[in-house]
Amino acid sequence: MADLRTRLLAESMGTALLLAIVIGSGIMAERLAGGNAAVALLANTAATVCGLYVLIELFGPISGAHFNPVVSAALALRGEMPRAALAPYMAAQLVGAVLGAWLAHAMFDMTLLQFSTRLRSGPGQWMAEAVATAGLLLVVLRAPAGRASSLVAAYIGAAYWFTASTSFANPAAAFGRMFSNSFAGIAPASVPGFVMAECAGAVIGLGLHLLLQPRAVQPAPPNLVERSGD
């Protein structure tokens, strides 16, 4: 694993590119879909799945390719990354998310600094974010060696469609998308609910992972027949 400064650069770059992919493909999809929201979401999903797979493959060997504060927190809690690196990782991810939004705006000749007006709120969407994040943590923690990139990308692609929230599953993504008044944006007022739901989902996902861990089987005591034959 690279030194901390290099890892933070990789996390920031990776998160920025992820947000540029999500927001940029959303802008392009909305412009080309002719008002058909299903077609726009399908295009947005396809770009995100492909881009996320490439980014994990590219940055995974450098920083672990978390791009997500709750993933970093879970791995730090499990001792799979130094806990002292958690706060810098989170800061790099949040900064990268905002830079990614600005990059998408620049590529599409939009105003760089803007805030979303797209409200995303309500119990159904919060539950969807918890489910999406719990599933993501399960995939991250239980993916066979060498298959995390494809499984994470496939899961996020599926969750775009089976969750009511289109699966942010990432506090950094919610934070960055707050700065884009586009197809992929989220209003600032809606972000706290999403982040709390994502954190709750991460705890649930980690708990489910622990429940699925194999447990040592204690040998059963000898039964009465066996004891009588001693």
Side-chain angles (χ1 to χ4, degrees), residues 1-22 24-25 42-86 88-90 92-94 96-97 100 129-163 166-173 176 198-199 201-216:
M1 191 71 76
D3 62 272
L4 181 59
R5 185 174 64 177
T6 304
R7 282 183 279 156
L8 295 178
L9 178 60
E11 280 297 295
S12 186
M13 289 177 59
T15 309
L17 289 171
L18 176 60
L19 267 290
I21 290 166
V22 171
S25 64
L42 181 61
N44 189 211
T45 303
T48 300
V49 168
C50 295
L52 183 57
Y53 172 79
V54 171
L55 291 176
I56 296 173
E57 287 286 306
L58 181 64
F59 291 106
I62 303 173
S63 68
H66 304 171
F67 313 145
N68 187 332
V70 296
V71 171
S72 297
L75 295 179
L77 186 63
R78 287 172 49 80
E80 296 181 30
M81 66 173 283
R83 295 192 179 186
L86 178 57
Y89 257 59
M90 289 181 169
Q93 291 156 357
L94 293 174
E129 277 304 289
V131 169
T133 310
L136 175 62
L137 260 292
L138 274 178
V139 174
V140 169
L141 295 174
R142 305 198 68 82
R147 297 187 60 191
S149 53
S150 58
L151 293 179
V152 167
Y155 174 78
I156 291 297
Y160 256 72
W161 287 86
F162 80 77
T163 64
T166 67
S167 181
F168 287 42
N170 183 341
E198 289 156 359
C199 291
V203 172
I204 293 169
L206 184 57
L208 291 174
H209 168 67
L210 294 176
L211 288 175
L212 293 171
Q213 291 283 77
R215 300 179 182 276

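A ring pair (Phe, Tyr, Trp, His ring centres under 6.0 Å) check over residues 43-66, counting only residues at least two apart or in different chains, returns the pairs His66-Tyr89.
Here CD of Gln93 is found 9.0 Å from CG of Leu8. Values are rounded to the nearest 0.5 Å. One finds the CG atom of Leu4 at 8.5 Å from the CE atom of Met81 (value rounded to the nearest 0.5 Å). In this structure, CD1 on Ile156 lies 10.5 Å from OG1 on Thr45, to the nearest 0.5 angstrom. Ile56 contributes atom CD1, which lies 6.5 Å from atom CZ of Phe67 (distance to the nearest 0.5 angstrom). Between the CG atom in Leu94 and the OG atom in Ser12 there is a gap of 10.0 Å [rounded to 0.5 Å]. Residue Ile204 holds its CD1 atom at 11.5 Å from CG of Leu211, rounded to the nearest 0.5 Å.
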List the atom pairs, with distances to 0.1 Å, where a side-chain N or O of residues 133-147 and a protein N or O form a donor-acceptor pair under 3.5 Å, not counting sequence neighbours.
| unit_1 | atom_1 | unit_2 | atom_2 | d |
| --- | --- | --- | --- | --- |
| Thr133 | OG1 | Glu129 | O | 2.7 |
| Arg142 | NH1 | His209 | O | 3.3 |
| Arg142 | NH1 | His209 | ND1 | 2.9 |

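Contact record, Val70 with Pro171: CG1-CG, 3.7 Å, taken as the closest heavy-atom pair. The two residues Ser25 and Thr48 make their nearest non-hydrogen contact at OG-OG1, 4.5 Å. Considering every non-hydrogen atom in both Pro69 and Asn170, the closest pair reads CD-OD1, 3.4 Å. For the residue pair Thr15 and Ala97, the shortest heavy atom distance occurs at CG2-N, 3.8 Å.
Side chains of Tyr160 and Val49 form no contact here, defined as non-hydrogen atoms less than 4.5 Å apart. The shortest distance between side-chain heavy atoms of Ile62 and Glu11 does not fall below 4.5 Å. At least one side-chain heavy atom of Leu55 sits under 4.5 Å from a side-chain heavy atom of Ile21. At least one side-chain heavy atom of Trp161 sits under 4.5 Å from a side-chain heavy atom of Leu42.
Between the side chain of Asn68 and the backbone N or O of Ala172 there is no donor-acceptor pair closer than 3.5 Å.
The side chain to side chain contact (heavy atoms under 4.5 Å, CB included) test applied to Leu210 returns Arg78, not counting sequence neighbours.
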